[in-house]
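What follows is a single structure, written as structure tokens, with notes after it.
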Amino acid sequence: MTTALPLPPAARWPWPPLFKASAAVHAGAAALALAPGGWPWAAGVLVANHALLTATGLWPRSDWLGPNVTRLPAAAAARGEVAITIDDGPDPAVTPAVLDQLDAAGARATFFCIAARAAEQPALLREIVRRGHAVQNHSHVHRHHFSLLGPAGFVREIGRAQQLLADLSGQAPHCFRAPAGLRNPLLDPVLHRLGLHLVSWTRRGFDTRVGDPARVLQRLATGLTGGDILLLHDGHARAAPSGRAVVLDVLPALLQRCRDAGLRPVTLNEALPARGAAAPTP
Ligand SMILES: [Zn+2]
């Protein structure tokens, strides 16, 4: 089944604050370069500016390179909603058990899927949607050098994933998460054109590196409150001492913490309006 991709937003891409500041820095550097003995200073200023742009792309929760969703909208937070997001699947050895744990708690989650993996597991992808969860875009193949791509590379990686995931699941994603959360200044114009939110997280469990379920749970649940976006992995997951992917030893306890705190895990489809859409009135 093919689902139409979201139409590109009509509005022009709004320059993020760091872009405006960088443009001013470049204009200033040009003027400085014309002054006697000024060019080494101008070169230094430009190098520092580009170093700042690069460093900002390595900071996953920054919004200096464009809008970045790190928490649910205020209305969703006020309703006591949280978003559990699960990355890098679908994985036939892990995802079915994750779905069963979510069902047992009556909870909904969002799966940021790698499209090439989804294409290998189409029935599992459809099962995610059938059980009421959301599928979102986590690129086509999760390239390690994703953050070094240019506009054409971003369009290829994200656009291809968008089409595949929409075709396979029947849901057109409206959110994108960058592999490892890393990006560069050329990403946001592409996301704007595709009508996709960049979504990072409030807290992550580092469960691709940490195999201790108690530590992962503590990272995610400390300060747990309405509006939080939490990150776990069903793909690339580290094994816990139990031998299972650590998410399977963390998720039931995390869902219990949500219940104890009166919080309701919902999907990003429920809690986050389309990019460019007005937030619904509470
Ligand atoms: Zn990932």
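Along the sequence shown, residues are numbered consecutively beginning with 1. Side chains included, hydrogens not; waters and symmetry mates left out as well; all remaining heavy atoms used. Both counts, for ligands and for their atoms, begin at 1 and track the order of listing.
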Do R264 side-chain atoms and E81 backbone N/O form a donor-acceptor pair below 3.5 Å?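 No; zero donor-acceptor contacts below 3.5 Å.
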Donor-acceptor pair, distance only, cut-off 3.5 Å: does the side chain of R61 make one with the backbone of V69?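 Pair absent, no side-chain N/O of R61 close to backbone of V69.
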Audit row: R275, D188, salt bridge (Lys or Arg N to Asp or Glu O under 4.0 Å) steps and yes/no: CA-CA 12 Å; R275 181 170 182 176; D188 192 58; 3.2 Å; yes
Listed once per pair and sorted, the salt bridge (Lys or Arg N to Asp or Glu O under 4.0 Å) pairs that draw on residues 112-137, sequence neighbours left out: D100-R131, D103-R131, E127-R130, E127-R131
Tell me whether E270 is salt-bridged to R108, with the criterion being a basic N under 4.0 Å from an acidic carboxylate O.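 Looking at R108 together with E270, the answer is no, because their closest N to O distance does not fall below 4.0 Å.
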Any chance the rings of F176 and F112 have centres within less than 6.0 Å? no
Tell me how many protein N, O or S atoms are closer than 2.8 Å to the Zn ion (ligand 1). 3
